[in-house]
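Everything on this sheet refers to the single structure shown next.
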Amino acid sequence: MNPFEIFAEYWPRLLDGTLMTIKLTGLGALIAALVSPWLALWRVHGSTLSQLPLRLYISFIRGTPILAQLFLVFYGSGQFRPLLTEWGLWNFFRDPFNCALLVFAVNSTAYQTEILRGGIQGVASGEIEAAKAVGMGRLLTLRRVVFPHAYRIAWPAIGNEVILLMKASALASVVTVFDLMGRTRQIFSRTFDFSVYLWAAVIYLCITAAFVLLWRLAERRLSRHVPIHTTGAKP
Amino acid sequence: MSDLFTYGDAGWGDEILRGLAVTVQLALSTLPLGLLIGFVIAFAAMSHRPALRFVGFGYTTLMRGLPEILTLFVVYNGVGLLLNSALRRISPEAAPVDFSPFAAGVIALGMVFGAFAAEVIRGAFNALDRGQVEAGLAVGMRKSQIFWRIKLPQVWRFALPGLGNLWINMLKDTALVSIIALDDLMRATKVAVGVTKQPFTFYLVACLIYWALCLVSEFILARMERRANRGVRRAGA
């Protein structure tokens, strides 16, 4: 079969897989985005001793393959089946989608926390002193001064992290989630037609390209008060 | 529980250690190939010829945008199919051969490593101080001398942190080859899980081993960086 016939016959499955990939990545990144600001504040302001568990968690996530983390949660939960059933959690861990989402969210949280920590530490101290000088409280300073600046600094790096997460989401296919990679492997095992891998590659690249474009638009909106052509040099 | 990990027939210690050896071998074999691809692609991307630049940028964009597991399957299945169709053309009766998963792993991981390494190496060349090259020219050094004595030692210094990160990423990505049936640490763990029915214990041990590998790598890389920077004067301190 020629590549276009493969696409014409199997595009609904590929589309289905693409939507699953976007769903997994989007939800995982979103959960991480909701949790990471708090952890980042803890990383910046917490005492060295209180940070120990957080540092261990981040080091563990960064030092182990996502595939191993996925197996640890998906297959590993089986070892505690009676306990999890008792707690009413077994139905959650039985579903590969939930396990994959959990692993991706926990994983991305660790990376996003470190990125945001860098962003928060990159906020000019003069800005924070100015906020204090005009009488802003701690919470107001965080909301109006620290986080807007921190996100502007961290934005490109968070974008990179989401792309890495999107690529990592292909691993969900190993625990039988039918994402784009899962559908691709399914079609290949049926047709033994190599071109389906090339279609998958094209779709993955399109997702990345679309995301990069959206992320740049958002970045421009975040920095809309910064005059153009003065990147780097502050007036 | 500790007897699960003893050496010999009773425990899984020796199987897991053998898997670990395959993982380390795979990573160490991938490194030179990845660095070679990285340098070639970096030079292509920095070339004066537009066609070469296009190839360089195209390669890095493509390989960095694809999931590693997809690259691995493309190499494993694609090269396998190619080999077999070539074989059929030579002798139609020959039995189909299997492409070695180890070779597929080295090639696929090397291609990915190379794409990221090319960006790191290109950045390192861009970070070189132009004045030093001019100084080299001024004292009458040849272009090759400038490359070997001024550029390369400093590119090494600038590129080392980035390449170190890539090494750690690649070490973790080796776990993917377990999917194409190479008996690495991950697959040895899977086999042990199949027999003992203790998935959490064994996958946790596998995670801890990978973690230890990464921490050891970080330690060695920090020492290498200190050595690479030994001639650099720091302001203040």
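Side chains included, hydrogens not; waters and symmetry mates left out as well; all remaining heavy atoms used. If you're wondering where the values come from, they're calculated on a predicted model, not measured in any experiment. We name chains A, B, ... by the order of the sequence lines, and we start the count at 1 in each one.
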With a 4.5 angstrom heavy-atom cut-off, which part of [X] approaches chain A: side chain, backbone, both or neither?
| X | value |
| --- | --- |
| B/Thr61 | backbone |
| B/Leu62 | both |
| B/Leu204 | both |
| B/Leu215 | side chain |
| B/Ala206 | neither |
| B/Leu66 | both |

Could you tell me whether [X] and [Y] make a salt bridge, using a distance below 4.0 angstrom between a side-chain N and a carboxylate O?
| X | Y | result |
| --- | --- | --- |
| B/Arg64 | B/Glu119 | yes |
| A/Glu114 | A/Arg117 | yes |
| B/Asp183 | B/Arg18 | no |

So for [X], is it side chain, backbone, both, or neither that comes closer than 4.5 Å to the heavy atoms of chain B?
| X | answer |
| --- | --- |
| A/Ile163 | neither |
| A/Ser169 | neither |
| A/Phe80 | side chain |

Any chance you could lay out the ring pair (Phe, Tyr, Trp, His ring centres under 6.0 Å) test for A/Phe4 and A/Trp199, step after step, and finish with the verdict? CA-CA 9 Å; A/Phe4 294 100; A/Trp199 285 114; 5.8 Å; yes

Has the side chain of A/Gln69 got a donor or acceptor atom that lies under 3.5 Å from a matching backbone atom of A/Val103?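 It does not hold such a pair.
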
Measure from the side-chain N and O atoms of A/Gln51 to the backbone N and O of A/Arg43, and report whether any donor-acceptor pair falls under 3.5 Å.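 Indeed, once roles are kept as given, a pair shorter than 3.5 Å links the two residues.
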
Test the B/Lys197-B/Phe202 pair against the cation-pi criterion, namely NZ or CZ under 6.0 angstrom from the six-membered ring centroid and within 45° of the ring axis.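 No - B/Lys197 does not lie over the ring of B/Phe202 by the 6.0 Å and 45° rule.
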
Greatest number of heavy atom pairs closer than 4.5 Å to chain B - which of A/Phe194, A/Phe188, A/Phe74, A/Phe192: A/Phe194

